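Read the structure below first, then the notes.
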2 protein chains.
Amino acid sequence: MTKPMDKKSPIEITLTERNEGVTITQWVYSMLRNAVMNGEILPGRALTIRELAALLDVSPMPIREALRQLAAEGALEIQGNRRVLVPHMTAMKFDELCEARIAIESHAAARALPYIDNVKLDELRQLDCLIDDAQEQGNLNKISILNQNFHRSLYTANPHQVTLPLIESIWLQLGPFMRLATNHLKDHYLVDRHNDAMQAIERKDAFALQIAISADIREGFAFASTPELLQRFIEESES
Amino acid sequence: MTKPMDKKSPIEITLTERNEGVTITQWVYSMLRNAVMNGEILPGRALTIRELAALLDVSPMPIREALRQLAAEGALEIQGNRRVLVPHMTAMKFDELCEARIAIESHAAARALPYIDNVKLDELRQLDCLIDDAQEQGNLNKISILNQNFHRSLYTANPHQVTLPLIESIWLQLGPFMRLATNHLKDHYLVDRHNDAMQAIERKDAFALQIAISADIREGFAFASTPELLQRFIEESES
DNA sequence: CTAATTGAATTGTGATCACAAATACACAAC
DNA sequence: GTTGTGTATTTGTGATCACAATTCAATTAG
């Protein structure tokens with residue numbers, strides 16, 4: 001009965017240094033954002049303002065602002081009771097997010113294509129090389145970040161682009177599953193879709209570029225090709 | 001000594017009543033959101049927390065939260081100086097937003113199709129009738145809202161849908177141009193794209209539905225078919 | 001033992017204050 | 001008139017406090 005019941009599962013997020021010129025709110029925001037992306041916070045676990053304030057040793061104010069922003073971006077969910085938590089993943093939602101990624105990102109890629117010059121192309125090539133290096137090292141975290149940089153760099157070639165915030169919102173909602181995607185990439189990197197994309201860019205072939213990006217995303221999420229496999233990863237992320 | 005004289009153009013937003021159970025932050029948020037959608041705030045005009053707090057007769061706190069949320073949704077822009085303002089529209093950005101709408105909304109429609117049953121179909125038919133009525137009345141505001149309801153109702157037929165927040169973010173960035181779109185619809189409502197969409201839904205024809213939604217959006221924005229025309233509307237919205 | 005209840009602790013919301021940075025402005029120098 | 005410069009004001013940020021609503025725990029009734 002009076003079992004020494006611990007406090008609810010403790011929240012542990014990787015702390016980073018606060019750079020100069022960065023407001024406390026921005027600092028808190030980036031740490032919480034990374035925590036969500038890395039699956040450091042259990043889905044369904046309530047995030048209270050005061051608890052996080054004590055954890056990060058700041059006043060409740062910056063926490064409030066960061067939580068609200070992350071909720072607006074879909075990284076967190078605000079319940080009717082005004083409780084804030086990391087939303088649970090479901091197989092159907094995962095499928096929707098995956099297909100939304102494909103639809104939006106292939107569109108963003110095609111829209112960026114006309115703006116890609118040789119300088120940008122070199123930048124993309126370098127990023128792709130870095131990814132290959134990281135894959136040989138097997139540095140999962142690095143691969144994931146570099147892979148996102150590759151996509152981001154491609155889409156932002158379009159100076160009038162408006163979709164990157166939407167894309168990043170989906171990435172946030174995918175959270176730790178984004179890392180699993182890049183993990184699986186390693187096994188199948190025989191077919192380098194980034195290379196396909198680069199060749200399509202060189203040929204200024206928008207359709208081929210869309211195919212390559214779509215395939216890159218879809219094959220990355222092949223680890224969830226069956227409902228059973230996906231369910232395993234979901235359960236894994238909830239513990 | 002110096003009197004509080006407003007040198008800047010005064011901010012005037014339509015005030016609404018605060019419903020019960022709605023927090024002040026939510027109330028402020030919805031008013032500011034409507035103000036942006038209706039073009040009541042001049043692009044480039046700085047929105048200061050204290051000024052809005054005085055205007056709405058609340059403390060600065062709810063204003064801060066509402067502004068941050070709207071900025072996260074793309075309705076407002078936070079400059080490096082941390083000034084908050086309604087972003088300026090450009091011809092290129094308008095084009096990007098329009099094409100993004102087409103890509104995402106046609107995707108959302110196709111994804112919703114399998115979930116549309118007869119009940120939902122009736123709901124859509126009723127909404128379409130209401131739109132026709134409003135068009136005969138020439139009630140621009142009503143048309144605009146009903147038209148958004150039609151699209152929203154269609155996309156939310158999918159219970160696992162994840163794209164509506166992204167779509168609404170684009171609507172917000174389009175702001176007053178969304179109304180112009182529905183305005184122009186009136187002139188060309190000979191070809192009722194909503195009817196096309198409905199027929200595609202009845203036939204469970206995803207591709208035809210995408211075509212209909214794309215055409216509905218594109219024809220709505222036909223008022224900006226030439227750079228000169230668009231420029232006129234942009235200048236109109238900035239004064 | 002289960003379920004309901006009640007009181008204590010915790011929570012989000014919103015107001016107020018302090019402060020450093022950014023801005024506006026009057027005035028001097030050219 | 002134009003440009004620089006100092007001060008005065010306004011601004012966003014962040015801390016602290018008050019309060020109503022919610023949550024949690026122990027206790028009680030069945």
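Numbers restart at 1 for each chain; the letters A, B, ... are given by sequence-line order, proteins then strands. The structure presented is a predicted model; accordingly, all values stated were derived computationally and were not measured.
- Scanning for side-chain hydrogen bond (donor to acceptor under 3.5 Å, both in side chains) contacts around A:N118 gives an empty result, with sequence neighbours left out.
- What separates CG of B:L56 from P of C:dA15 is a distance of 11 Å, to the nearest Å.
- Side chains of A:Q26 and A:S30: no donor on one and acceptor on the other come within 3.5 Å.
- The pair A:E73-A:R68 does not count as a salt bridge, with every side-chain nitrogen at least 4.0 angstrom from each carboxylate oxygen.
- Within residues 60-71 of chain A, the residues that have a heavy atom under 4.0 Å from DNA chain C are, in order of number, A:M61, A:R64.
- The base of C:dG12 is not paired with the side chain of A:R83 by any donor and acceptor separated by under 3.5 Å.
- Between A:R82 and B:I78, it is B:I78 whose nearest contact on DNA chain D lies nearer the 5' terminus.
- One finds no side-chain N or O of B:T48 lying less than 4.0 angstrom from the OP1 or OP2 phosphate oxygen of D:dT10.
- In this structure, A:N81 reaches the D:dT23 phosphate: one of its side-chain N or O atoms is under 4.0 Å from OP1 or OP2.
- For the 3.5 Å distance criterion, the side chains of A:E40 and A:T14 qualify, holding a donor opposite an acceptor.
- Donor-acceptor pairing under 3.5 Å is recorded for the side chains of A:H151 and A:E105.
- Along DNA chain D, the nucleotide closest to A:R50 and the one closest to B:I49 are compared, and the more 5′ of them pairs with B:I49.
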